[in-house]
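One structure below.
The structure displayed is predicted, hence computed values, not measured ones. Computation of the quantities below employed the complete heavy-atom set of this structure, encompassing side-chain atoms and omitting hydrogens, waters and symmetry-equivalent molecules.
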There are 2 protein chains.
Amino acid sequence: MTFLTRSATGYSTWRLIADQLRSEIVDGSFAPETKMPTEGELADRFGVHRNTIRQSIAVLVEEGLVARRQGSGTFVVPHTLLVHRIGLRTRLSNSARQPDATSNRPIASEIVANPPQEVASRLRLEGRPALQIETVADVNGTTIARSTAWFDVALTPDLDVHLRQTRSVTKALRAVGIDDYVRTWSAVSARIANRVEAEDMNLPSGSIVLVVRSVNSLLDGTPLQYTSTRFRADRVELDIDFSDLAGH
Amino acid sequence: MTFLTRSATGYSTWRLIADQLRSEIVDGSFAPETKMPTEGELADRFGVHRNTIRQSIAVLVEEGLVARRQGSGTFVVPHTLLVHRIGLRTRLSNSARQPDATSNRPIASEIVANPPQEVASRLRLEGRPALQIETVADVNGTTIARSTAWFDVALTPDLDVHLRQTRSVTKALRAVGIDDYVRTWSAVSARIANRVEAEDMNLPSGSIVLVVRSVNSLLDGTPLQYTSTRFRADRVELDIDFSDLAGH
DNA sequence: AATAGACGTCTAGATAAGTAGACAAATCAG
DNA sequence: CTGATTTGTCTACTTATCTAGACGTCTATT
């Protein structure tokens, strides 16, 4: 295989190879539980020294995708590609495949006087402050998403108090009398994770995150909540649900 | 600013800095038409030599994001973040912001006996061959997406003949009697562009693509078309349209 | 138990990336 | 026009990455 040189890409050789191997693992070319090619074979395939291959594999070990067994080989660790459904009444906790032990943990909340411009306009704040809530989502013990939500304090009085008591955004919303809401807007983009995100999700720097920005509104159309969720792209794909529309 | 070292990330320093600067341009921290900080200032900010900054900026020049003017400075070139809407009856050509001169060019088509497993199952091919069509999408002269579509040849006889005549997938479908269809499934993921994609979209290698896989079906629910579209993530975000649901 | 094959570790040398600084060329303000 | 500022180019040097190969340790098979 002709391979790109680091000089052209700005990637070190070991990272280029690690990225290539990861994609082959994720797309199933190397099936879970099976043995990877030996380091020597991979060195031949990519035309590099075995030491470079070892550095690449070290990345995948760090990420938990493969395990090395001395004397035996390198094996693909069973992994799940999580499918996160975006639909009308979905919450962050709804994952398509069951059973997954998903938990959402609020890690901080704070009333901010001047939220970012996009938040203010999407929530029609017009100068009012917003309650900002940071959460992380874990599935089976692995952190897969990092979320920031903003609420109009005028619509959700004492939401932060209830949040501290219940330690759950959904329960806190119920406590302030909000039971039902629908997603009215979503935008999806992708970028390199920043340092905080990489740290919170235990990702190697340079990892890709899928960014979902969305607005949930009350049934009368009043915007209630603006959320920006960053999913780790190596483990999550977004499933856009059109089934609610099938009845038309 | 404390910055990540290349040793930890596998990125060369100039690429780390280029990525950072690009994200600040794309998110508006450096507004279009304005002057960037001088190379010396950037060198101070990132704690590197000016030569390294120059290499980073060369990447952005290559990508068309900034322009250098000797003696004057480096300036942010006006650019657009394209918003691509995913909804019930959207096609690749529908972009949210107008006016954009969008064109879809079929670049190759071929009948393949054994399409990938996911294609076969989503289209319920059960062993039948599929017509595979490769297209690129340009907006204002810039290629922003690379798409691969598969059709069940049993449902679309002579589609390839009409495609060669009309040079348009939509027109070719109309010619075989298919006027209306709806999107029944979509999944969104993100990854590093492979070499072919990077070449077709004129991207630096290592760029991120948003991958949208989707199935369009006839109104009776028969799956018609499986499509995988790779958008360049630096210029495109996906807008998920729930407005069809507002009437409920 | 012997052995081949695989991962683990180390040292030395070659190549590429980044630093350092000097000077040229273009631009702009006064 | 003058001078300060900014990008353009070059050479020498330092540091990090990659190659090369030897040798050790562990595992599975015969």
- Query: Would a distance-only check, ignoring hydrogens and angles, find a side-chain to backbone donor-acceptor pair under 3.5 Å from B:Q55 to B:T52?
  - Reply: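 Pair absent, no side-chain N/O of B:Q55 close to backbone of B:T52.
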- Message: For the residue pair B:T148 / B:R230, report whether a side-chain donor-acceptor contact shorter than 3.5 Å exists.
- Response: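 Judged by distance alone, the side chains do pair up.
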Could you tell me whether the phosphate oxygens of [N], OP1 or OP2, come under 4.0 Å of any side-chain nitrogen or oxygen in [X]?
X     : N      : value
B:W14 : C:dA17 : no
B:T74 : D:dT7  : yes
A:T52 : D:dC18 : no

In whole Å, I'd like the distance from the [atom1] atom of [X] to the [atom2] atom of [N].
X     : N      : atom1 : atom2 : value
A:Y11 : C:dA17 : OH    : P     : 15 Å
A:R54 : C:dT11 : CZ    : C1'   : 16 Å
B:K35 : C:dC28 : NZ    : C1'   : 11 Å
B:I53 : C:dG21 : CD1   : C1'   : 17 Å
A:I17 : D:dT19 : CD1   : C1'   : 12 Å
B:F46 : C:dT19 : CZ    : C1'   : 17 Å

I'd like to check [X] versus [Y] (side-chain heavy atoms, cut-off strictly below 4.5 Å). Are they in contact?
X      : Y      : value
A:E134 : A:R146 : yes
A:I192 : B:Y11  : yes
A:T143 : A:D138 : yes

- Measure from the side chain of B:E39, starting at C-beta and using heavy atoms only, and say which of D:dG8, C:dG18, D:dC18 lies closest.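 Side chain of B:E39 sits closest to D:dG8.
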- Query: For nucleotides 20-30 of chain D, read 5' to 3', which letter fits each nucleotide if B means a protein heavy atom sits under 4.0 Å from the base, S means only the sugar-phosphate is that close, and - means neither?
  - Reply: BB--BBBB---
- Message: Testing A:L16, A:N51, A:I17 one by one against A:S56 for a side-chain contact (heavy atoms from CB on, under 4.5 Å), which residue passes?
- Response: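 Single side-chain contact (heavy atoms from CB on, under 4.5 Å) partner of A:S56 among A:L16, A:N51, A:I17: A:I17.
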